[in-house]
Amino acid sequence: MTQLFPEKTDDPYLYLAGDESYKCELIEEMNQVWRRPDSLIDTPMHYCPGCGHSIAHRLLMEVVEELDIVERTVGIAPVGCAVFAYNYLNVDMQEAAHGRAPAVATGIKRVLPDRILFTYQGDGDLAAIGTAETIHAVNRGEKIVIVFINNGIYGMTGGQMAPTTLAGAKTSTTIFGRDPSVHGHPLRIAEMIAPLPGAYYVTRQAVNTANHVRKTKKALLKAFQYQIDNVDGTCFVEIVSNCPSGWKMTPLESNELLEDEIFQFYKLGDLKLPGKE
Amino acid sequence: MAKKLMKGNEALAEAAIRAGVKGYFGYPITPQSELLEYLSRELPQRGGAFLQAESEVAAINMVYGAAGVGERVMTSTSSPGFSLMQEGISYIACAELPCLLVNVMRGGPGLGTIQPSQGDYFQAVKGGGHGDYKLPVLAPNSVQEMAEFVYDGFDLADKYRNPVLILSDGALGQMMEAVEFPDYDVEAHKVDHSDWATRGRRKGHDHNVITSLYIQPDKMELINQHLQEKYRLIEANEVRFESIMTEDADYLLVAFGLSSRVAHKSVEMAREKGLKAGLLRPITLFPFPSEILSQLADQVSGMLVVEMNTGQMVEDVRLAVSGKVPVQFYGRQGGMIPQPDAILHEIEKYYEEHFAAEVN
């Protein structure tokens, strides 16, 4: 039996020195009920503690493995915190210019229609600078999965207002809180695209609780399965997530804020299901 | 194969299909829209994907994606649209993705005019977008070359894993001339890109990643140095130019694209008057034919650069000549085309001033 915790676990920079003792076996194989998907690269992530990105990454790799499409899948990384997604996702990946991931995915899908394409984008990427590419890709019904991580802030650049930032929320560019009459209103982009004929499946999920994580995985499985089935339209999975660093609070506080306020505005659930209006 | 009367834009589009283009992504803009229309009609029936994008910004990023799977892909546009594409081209150049770009230039700056121009020379040959990068730039001066350079462009792109630009203009795009398509075996020219292309993870391999992001400065510097090495290689191997009546010339005109055709006429007119003018026509604008210009500077007593702009290539000619002889400039702008008479007048003026020649 391997030791439960390696020595010096309190040193978060062990891996920088090439010391891999932080990778420990926590449990015997016979008792193992969960393991890291092979396609999730075994390396420390750059995401802040408590951030939802790492969960979304893991779910994506679980899904492509369960659907056995690792060798058919090409992912598009955004500009933003997930810009390094390709350091963790062991499927072929392209890093797109800011906001252009749906166009990049479109280019690949049109030339290689049998590949499974997904974009992974934040709110600044998808709902601000890339609004046109998002809407037109969905309106053309591009046969891709768009994974939209909405945490209401620009995390990578240091916590500026995003198009999805709630009214009243303080950010580094709205230090007295977002005033819709000055800064515009928070944008519910899933509601905008759901009525488009090209949108096949639009859903909004979260990863802040075990239950939400399970639901998000189901939604991702559904979205990728639709693409495998070559359905006529785009699948859009929004994940309302947190940004403890950008929101200037602890991970637990950020999860409370999600439940108390943010899910009131960004309501979880399906916005469009095949065959239903 | 028999010659066919075609518009420059259509000849280029037809050549792209014959060169095995698998994806075209573009946006309508005068004076290149025939290219888009031709491919929308022909390409889906002949083995490729055509998509009219929502903008030039989207189009160039579709090219980025599709080029990243190692297929032959292209876009075309005209000046304002080419400006919009610059960010994407910078990414493509850094990620080293082979593709073909076409700029059918119109007069600028701003919305400008839909008439022909060469005002985008700097943008084409000096990079255009942010950061240090270069595109091999091919400058046709006939409908025949609009077609021929497509094959050359795709081959160069595949050979160097670099975007290649065909720099044309509204007149060459719109004019009709006889064109003959060369025999070209697409399969024989196929390059295997599977070791880097993102076509889905290969069995037994790690994933392929296409990126232009290297956050550590020492790594980014290495990428820059690697790109520059490649550009030096292109400079060493791929210079193309045409010499017209330069053997005995004592005065040299330098012009590319459409203005080289007018300059050619002016040189012929000067020869009829007994003036020994010649023409050097750069075909690749990057790499620039600096060496031949430097050699010719030892032979001629002066040079005249003719462009449809306010003087852009003239700077590269002066760099090449390095002060050996005076280099003058004659240009028209905003969609105006230089007239042979006006250029001849400049030539005569030179001979009168420098040789005290009697010019009838």
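Within every chain, numbering begins at 1; the chains are lettered A, B, ... in the order of the sequence lines, protein sequences first and strands thereafter.
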If you count heavy-atom pairs within less than 4.5 Å of chain A, which of B:Arg201, B:Met62, B:His205, B:Arg202 leads?
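Between B:Arg201, B:Met62, B:His205, B:Arg202, the count favours B:Arg201.
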
Which region of [X], side chain (C-beta onward) or backbone (N, CA, C, O), has a non-hydrogen atom less than 4.5 Å from a non-hydrogen atom of chain A, or is it both or neither?
X: B:Ile215; answer: side chain
X: B:Leu213; answer: both
X: B:Tyr91; answer: side chain
X: B:Val69; answer: both
X: B:Ala197; answer: backbone

For B:Leu138, the option from B:Val150, B:Asp152, B:Leu165 that meets side chain to side chain contact (heavy atoms under 4.5 Å, CB included)
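Only one of B:Val150, B:Asp152, B:Leu165 forms a side chain to side chain contact (heavy atoms under 4.5 Å, CB included) with B:Leu138, namely B:Asp152.
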
Do B:Tyr133 and B:Asn162 come within less than 4.5 Å of each other through their side chains, counting heavy atoms only?
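Heavy-atom side-chain distance check fails, nothing below 4.5 Å.
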
Tell me which of these, [options], has more heavy-atom pairs under 4.5 Å with chain B than the rest.
options: A:Val79, A:Asp92, A:Val91, A:Ile41; result: A:Asp92
options: A:Val111, A:Asn139, A:Leu89; result: A:Val111
options: A:Ile116, A:Ile69, A:Thr106; result: A:Thr106

Give a yes or no on this: more than 12 heavy atoms of other residues, nucleotides or ligands lie within 6.0 Å of atom OH of A:Tyr201.
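Check passes, neighbour count above 12.
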
Within 6.0 Å of CG in A:Asp68, more than 12 heavy atoms from elsewhere:
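No, not enclosed.
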
Tell me, side chain or backbone of [X] under 4.5 Å from chain B's heavy atoms, or both, or neither?
X: A:Ala96; value: backbone
X: A:Val74; value: side chain
X: A:Arg115; value: side chain
X: A:Leu112; value: side chain
X: A:Ile135; value: neither

Within the distance-only criterion (no hydrogens, no angle test), does the side chain of B:Lys230 pair as donor or acceptor with the backbone N or O of B:Tyr160 below 3.5 angstrom?
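Checked: pair present.
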
Is any side-chain N of the basic residue among A:Glu66 and A:Lys217 closer than 4.0 Å to the acidic one's carboxylate O?
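Looking at A:Lys217 together with A:Glu66, the answer is yes, because their closest N to O distance falls below 4.0 Å.
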
Between B:Arg72 and B:Asp155, is there a salt bridge with N-O shorter than 4.0 Å?
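Yes, this pair counts.
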
Nearest 0.5 Å please: distance from the OH atom of A:Tyr154 over to the OG1 atom of A:Thr164.
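One finds 8.0 Å between OH of A:Tyr154 and OG1 of A:Thr164.
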
At what distance, to the nearest 0.5 angstrom, does CG of B:Leu51 lie from CZ of B:Phe25?
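So the gap between those two atoms works out to 6.0 Å.
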
